[in-house]
Q: 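I have a structure here, written as structure tokens, and I will follow up with some questions on it.
What you see below is based on every heavy atom in this structure, not just the backbone, and it leaves out hydrogens, waters and symmetry mates.
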Amino acid sequence: MRKKLGLCLVMICMIAVLGACGNKEDASGTAENSASTGTTATTNETDTAEAAEGSTRTIKYLDQEYTVPTEVNRIVITGSMEAMEDALVLDVHPVGAITFGGEFPEMYASITDQAESIGQKIEPNFETILSLKPDIILGSTKFKPEVAEQLSKIAPFIQVSHIATDWESNLNLLAELTGKQEQAKQEIEQYKAALTTAQAELGDKLENKKVLAVRIRNGQMYVYPESVFVNPILYGDLGFQVPGEIQAAKAQEALSVEKFAEMNPDYVFVQFETSENSDTPNALTDLQNNPIIQKTTALKENHAFVNVIDPLAEGGPAWSRIEFLKAAVEQLSK
């Protein structure tokens, strides 16, 4: 009897030990499973983040499709003054932007606070652009093919049109890249509303009046074709008669003092930037004091307006249009 009782106690102890071991294994297995589940969750989150970082989308600009990152945060603008002006309108801050003489012009101070210089207008610094790790590079249609090819090797690259009549497409491009479509839409609508008001305000007051815009570079006056500079605003939007000399212009063309006098404009808008006249700093004053120029209608009637907008403004992009329209109407209404 005692032997049977002892045997039973031994068996009970063994069962207890085995049960404890089993519980330990279960607990260990549960912990391992929990750890395994946590690792999978972390991996999934990392994969999702990496997928988002590397994801792309397709956008359309001027009948051409481009593959760009889903999220565009680091923008480099090189060569395209149009893109610089659009950035002003939409308050987009590029990580790299164009400088003049190594400096950002005051005109662009509000958007270049976080930017590094990536070179002059037509001389991009490829190494600096590469170091900035851009999501997108906005260049110019004026770039030579070899420059465009080099930039396209760094990041997705879009050449922004320098044609003034593409201003809405240009603004919408930057808006789509940065998620500011609604703001771009509002800016375009506001400009068109301001234009309608301006047309009504000016009415027939300036009918048959000759209006001209010139830019002084290297001491010489220049005029531009009907679709370049501020001409689309004057002749397209405001409807002034296009002078024959402007109709005949194929590109930037020099205008002599004698030819200016022959044209004899009633109103003239002049842009003079000191950096474009470094060798002829007195060019503007010399022209204003020229006895031939002084006999023209615009000068005699004090209708010669200098730098009504920043002299570095291109004329055609959204910022130029918005600002020049306001300034031009103000002057022409006097």
Side-chain angles (χ1 to χ4, degrees), residues 81 100-101 107 121-122 142 162-165 198 202 204-317 320-321 323-325 327-334:
M81 303 309 298
F100 289 75
M107 173 180 172
K121 185 176 179 180
I122 58 173
K142 292 182 179 180
H162 68 280
I163 306 301
T165 49
L202 294 176
D204 298 331
K205 177 182 177 181
L206 302 178
E207 189 176 0
N208 298 323
K209 296 293 185 180
K210 187 177 292 187
V211 182
L212 184 66
V214 302
R215 175 176 263 154
I216 301 174
R217 286 177 164 170
N218 299 315
Q220 174 70 57
M221 286 188 293
Y222 288 92
V223 292
Y224 298 83
E226 187 177 346
S227 62
V228 180
F229 191 34
V230 297
N231 290 346
I233 309 169
L234 292 174
Y235 308 126
D237 294 350
L238 292 174
F240 292 113
Q241 183 176 351
V242 186
E245 293 79 2
I246 300 301
Q247 291 179 337
K250 302 301 181 185
Q252 173 180 280
E253 294 191 4
L255 183 70
S256 67
V257 168
E258 292 74 18
K259 191 64 178 178
F260 180 90
E262 182 183 326
M263 293 179 71
N264 192 27
D266 298 288
Y267 297 86
V268 60
F269 292 92
V270 181
Q271 274 191 263
F272 177 83
E273 164 59 33
T274 54
S275 64
E276 296 179 334
N277 294 273
S278 55
D279 294 332
T280 54
N282 299 320
L284 175 61
T285 303
D286 291 343
L287 284 169
Q288 290 173 323
N289 293 333
N290 186 292
I292 298 176
I293 294 283
Q294 287 184 335
K295 292 179 181 179
T296 60
T297 301
L299 271 291
K300 287 191 297 184
E301 297 184 358
N302 292 320
H303 289 161
F305 313 118
V306 179
N307 293 345
V308 296
I309 59 173
D310 193 287
L312 282 176
E314 288 294 292
S320 288
R321 285 176 178 269
E323 298 302 321
F324 183 78
L325 179 63
V329 171
E330 180 182 349
Q331 299 298 337
L332 294 171
S333 298
K334 292 180 179 179

Q: List the steps and the verdict of side chain to side chain contact (heavy atoms under 4.5 Å, CB included) for Lys210 and Thr297.
A: CA-CA 10 Å; Lys210 187 177 292 187; Thr297 301; over 6 Å; no
Q: Output the distance between atom CZ (Arg217) and atom OG (Ser275), rounded to the nearest 0.5 Å.
A: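 Rounded to the nearest 0.5 Å, the CZ-OG separation comes out at 9.0 Å.
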Q: Looking at Lys250, I'd like to know if its NZ atom is crowded, meaning that more than 12 non-hydrogen atoms belonging to other residues, nucleotides or ligands lie closer than 6.0 Å.
A: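 Not buried by this count: 12 neighbours or fewer within 6.0 Å.
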Q: Between Ala213 and Val223, which heavy-atom pair has the shortest distance, and what is it?
A: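 Scanning both residues, the minimum pair turns out to be O-CG1, 4.0 Å.
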Q: Once you measure the plane-to-plane angle for His303 and Tyr267, does it fall in the parallel (<30°), tilted (30-60°) or perpendicular (>60°) bin?
A: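 His303 and Tyr267: parallel rings.
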Q: Between the side chain of Glu323 and the main-chain N/O of Val308, is any donor-acceptor distance below 3.5 Å?
A: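 No; zero donor-acceptor contacts below 3.5 Å.
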Q: Looking only at heavy atoms, which two atoms of Ile309 and Ser320 are closest? And how far apart?
A: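 Residues Ile309 and Ser320, closest heavy atoms: CD1-O, 4.3 Å.
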Q: Closest heavy-atom contact between Glu330 and Lys334?
A: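 Smallest heavy-atom distance, with atoms named: O-CG, 3.4 Å.
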Q: What distance do Thr285 atom OG1 and Asn290 atom CG have between them, rounded to the nearest 0.5 Å?
A: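 Reported to 0.5 Å precision, the distance equals 12.5 Å.
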Q: Roughly how far apart are Phe229 CZ and Arg215 CZ, rounded to 0.5 Å?
A: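 One finds 4.5 Å between CZ of Phe229 and CZ of Arg215.
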Q: Measuring from atom CG of Asn307 to atom CG of Leu312, what distance do you get when rounded to the nearest 0.5 angstrom?
A: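 Answer for the CG-CG pair, Asn307 versus Leu312, is 9.5 Å.
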Q: Could you tell me which non-hydrogen atom of Gln288 sits nearest to which non-hydrogen atom of Val306, and how far apart they are?
A: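 Here Gln288 and Val306 meet closest at NE2-CG2, 3.8 Å.
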Q: Please determine whether side chain to side chain contact (heavy atoms under 4.5 Å, CB included) holds for the pair Val268 and Phe260, giving the CA-CA distance in whole Å, both sets of side-chain angles, and the decisive distance to 0.1 Å.
A: CA-CA 10 Å; Val268 60; Phe260 180 90; 4.0 Å; yes
Q: Could you grab the distance from atom CG of Asn264 to atom NZ of Lys295, nearest 0.5 Å is fine?
A: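 Output value for this atom pair is 12.0 Å.
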Q: So with a 6.0 Å cut-off around CG of Asp279, is the heavy-atom count from everything else above 12?
A: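 Not more than 12 within 6.0 Å, no.
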Q: Between side-chain atoms of residues 232-248 and protein atoms elsewhere (two or more places apart, or another chain), which donor-acceptor pairs fall under 3.5 Å?
A:
{"from": "Tyr235", "atom 1": "OH", "to": "Val211", "atom 2": "O", "distance (Å)": "2.7"}
{"from": "Asp237", "atom 1": "OD2", "to": "Tyr191", "atom 2": "OH", "distance (Å)": "2.5"}
{"from": "Asp237", "atom 1": "OD2", "to": "Arg321", "atom 2": "NH1", "distance (Å)": "3.0"}

Q: Roughly how far apart are Tyr222 OH and Gln271 CD, rounded to 0.5 Å?
A: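 Answer for the OH-CD pair, Tyr222 versus Gln271, is 15.0 Å.
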Q: Please identify each residue that fulfils side chain to side chain contact (heavy atoms under 4.5 Å, CB included) with Ala261, with sequence neighbours left out.
A: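 So Ala261 forms a side chain to side chain contact (heavy atoms under 4.5 Å, CB included) with Ile292, Thr296.
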Q: If you take all heavy atoms of Asn231 and Pro225, which pair is closest and at what distance?
A: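 Smallest interatomic distance, heavy atoms only, reads ND2-O, 2.8 Å.
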Q: At their closest point, which heavy atom of Leu202 faces which heavy atom of Ser333, and how far apart are they?
A: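 Residues Leu202 and Ser333, closest heavy atoms: CD2-OG, 3.7 Å.
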Q: Does the distance from a Lys or Arg side-chain N to an Asp or Glu carboxylate O, for Lys121 and Glu314, drop under 4.0 Å?
A: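 Yes.
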Q: For Asn277 and Ile216, indicate whether the former's side chain and the latter's backbone hold a donor-acceptor pair under 3.5 Å.
A: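 Answer holds: yes.
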Q: For Asp266, which residues count as a side-chain hydrogen bond (donor to acceptor under 3.5 Å, both in side chains) partner, sequence neighbours excluded?
A: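 Not a single residue meets the side-chain hydrogen bond (donor to acceptor under 3.5 Å, both in side chains) criterion with Asp266.
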